[in-house]
J.: 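The structure is given below, and queries will be raised subsequently.
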Amino acid sequence: MRSKDHSVFNFLRDSSSAIRHGSLDLGFGRSCAIWSNSQDHLTYDDLEGHALSFYVRDGQDVWRVDQEPKHGWPGAMCIFPQGQSSEWLVNGPLTMMHLYLPDEELRRCYSEMMDRDGRQIELAEATYVSPDDLIVPFAHLFQATNERNLLGAEEAMVELIAGVLVQKRFHGEVVVPMRGGLSAPVKRRLIDYIEANLDRVIHLRDLGQIANLSEFHLQRSFKQTCGVSPNLYIAHRRVEQAKGLIRAGEPLAQVADACGFSSQSHFTRSFKTGTGATPAAYRKGVA
């Protein structure tokens, strides 16, 4: 059966041999899953989104066969970038940990973590490489997924993404001249304004005035540079601020107000979209 979309997750879900042992919604389109497989033939075609894969157990009899055949091993890492196609023979048992990341999230993380233009990164394909220091966050993600520990999985996800972004072997920076987008000083002024005003309504016209751009050009330039729209960027920052206040023990009603949510229901909906859990469930998880 054909996948509804071409994500690695859906190709595995549609396989008659792959078994999902656990998964977590990490918010904003991000997720993770533990899979086992054996005696399978998989073709990933023109993938949507990115996937990081780690072989937890076995894998010696799993082969990538659309290029010079290469087999895996316990502890091997693969990266499936958006747009990749590949073919695999699973001749023996395998348990693997996957992290799934939409393309806009990769670019937002690169822009935010590295303070760079989000268009500059292109995630590299990697087949059976050593994860080196990424083995620890992969192990943490595996444990957290098994235990349905959302906070632990979030922390491991951040470590993994940051670890990939700082290692040049996992990506190449686009060197062609960038047209449009925001200059570094304008981007910094916008980010500083957003951080200082998360407790109030932020309008496109406010951001446009700071950047000296029309609302239309501001929205387009912001997304080019930061990977996501201003609205989604602000949603990310509000959810991150809310998580910190919840961990500090602030009452949920005060958290909603401090983070600029218009109502408790708006807070609950937005928080669940960004984390995969309601504020109350998140509080239980960190108690």
Side-chain angles (χ1 to χ4, degrees), residues 7-9 12 21-24 26 30-37 42 44 47 49-84 86 88 90 92-103 105-116 118 120-147 149-175 227:
S7 65
V8 169
F9 179 92
L12 285 168
H21 296 276
S23 59
L24 289 173
L26 299 175
R30 306 164 303 191
S31 62
C32 59
I34 299 170
W35 296 93
S36 65
N37 203 357
L42 286 163
Y44 300 133
L47 290 174
H50 309 279
L52 308 181
S53 174
F54 176 75
Y55 282 15
V56 179
R57 286 188 291 273
D58 302 313
Q60 299 93 325
D61 293 319
V62 181
W63 296 78
R64 179 170 177 180
V65 296
D66 58 303
Q67 51 187 223
E68 182 177 349
K70 181 187 290 188
H71 68 86
W73 69 89
M77 176 180 175
C78 296
I79 293 180
F80 301 87
Q82 178 160 287
Q84 184 218 48
S86 55
W88 305 78
V90 185
L94 167 67
T95 301
M96 53 190 170
M97 181 75 240
H98 279 183
L99 174 65
Y100 306 109
L101 190 67
D103 186 62
E105 273 297 293
L106 173 75
R107 300 188 187 283
R108 183 195 64 82
C109 290
Y110 184 72
S111 175
E112 188 174 309
M113 292 178 178
M114 310 300 288
D115 196 21
R116 304 290 294 275
Q120 289 182 307
I121 186 172
E122 291 297 334
L123 197 62
E125 178 181 294
T127 302
Y128 298 142
V129 299
S130 173
D132 297 335
D133 55 346
L134 295 182
I135 194 169
V136 174
F138 266 123
H140 288 166
L141 186 62
F142 179 76
Q143 180 179 358
T145 305
N146 263 326
E147 297 173 353
N149 176 355
L150 186 59
L151 179 61
E154 285 180 341
E155 292 173 346
M157 172 185 68
V158 171
E159 284 188 62
L160 275 174
I161 295 171
V164 167
L165 293 181
V166 300
Q167 295 190 48
K168 291 288 188 179
R169 64 180 177 140
F170 293 137
H171 64 85
E173 291 184 341
V174 178
V175 294

J.: Nearest 0.5 Å, what's the CH2-CG distance between Trp35 and Leu94?
T.: 12.0 Å
J.: What heavy-atom pair brings Pro131 and Gly75 nearest, and what distance separates the two atoms?
T.: CD-O, 3.0 Å
J.: Where is the tightest heavy-atom contact between Ser130 and Trp73, given as atom of each residue plus distance?
T.: N-CZ2, 4.3 Å
J.: Report yes or no: does His171 contribute a side-chain atom to a donor-acceptor pair with the main-chain N or O of Leu165 at less than 3.5 Å?
T.: yes
J.: Flag the pair Ile34 / Met97 as yes when at least one side-chain heavy-atom distance between them is below 4.5 Å, and no otherwise.
T.: yes
J.: To the nearest 0.5 Å, how far apart are CG in Leu12 and OG in Ser7?
T.: 8.5 Å
J.: Determine, for Glu112 against Arg107, whether the closest basic-nitrogen to carboxylate-oxygen distance falls under 4.0 angstrom.
T.: no
J.: With side chains defined as the heavy atoms from C-beta onward, is the minimum distance between Gln143 and Asn149 less than 4.5 Å?
T.: no
J.: Flag the pair Val164 / Leu106 as yes when at least one side-chain heavy-atom distance between them is below 4.5 Å, and no otherwise.
T.: no
J.: Provide the closest heavy-atom pair for Ala153 versus Ala144 in the form atom of the first, atom of the second, distance.
T.: N-CB, 3.4 Å
J.: Do the non-hydrogen side-chain atoms of Ile121 and Phe170 ever get within less than 4.5 Å of each other?
T.: no
J.: Between atom OG of Ser53 and atom OH of Tyr100, what is the distance when rounded to the nearest 0.5 Å?
T.: 8.0 Å
J.: Atom SG in Cys78, atom CD in Gln84: separation rounded to 0.5 Å?
T.: 9.0 Å
J.: Are Trp88 and Thr127 side-chain neighbours, meaning at least one heavy-atom pair lies under 4.5 Å?
T.: yes
J.: Is there a side chain to side chain contact (heavy atoms under 4.5 Å, CB included) between Asn37 and Leu42 once you walk through the steps?
T.: CA-CA 11 Å; Asn37 203 357; Leu42 286 163; 3.8 Å; yes
J.: Let me confirm one number: the CG-CE distance from Leu141 to Met157, rounded to the nearest 0.5 Å.
T.: 9.0 Å
J.: If only side-chain N and O atoms count, and only distance matters, is there a donor-acceptor pair under 3.5 Å linking His50 with Asp103?
T.: yes
J.: List the steps, then state whether side chain to side chain contact (heavy atoms under 4.5 Å, CB included) holds for Val129 with Arg169.
T.: CA-CA 10 Å; Val129 299; Arg169 64 180 177 140; 4.3 Å; yes
J.: Please report the closest heavy-atom contact between Pro81 and Leu123, naming both atoms and the distance.
T.: CB-O, 3.5 Å
J.: Run the ring pair (Phe, Tyr, Trp, His ring centres under 6.0 Å) check on Trp63 and Tyr128 step by step: do they pass?
T.: CA-CA 10 Å; Trp63 296 78; Tyr128 298 142; 8.8 Å; no
J.: State, with a plain yes or no, whether a side-chain heavy atom of His21 is found less than 4.5 Å away from one of Thr95.
T.: no
J.: So how far is it from Leu99 CG to Thr145 OG1, rounded to the nearest 0.5 Å?
T.: 9.0 Å
J.: May I ask you to test the Leu134-Leu52 pair for a side-chain heavy-atom distance under 4.5 Å?
T.: no
J.: If you define the side chain from C-beta out and look only at heavy atoms, does anything of Phe54 sit under 4.5 Å from Ile135?
T.: yes
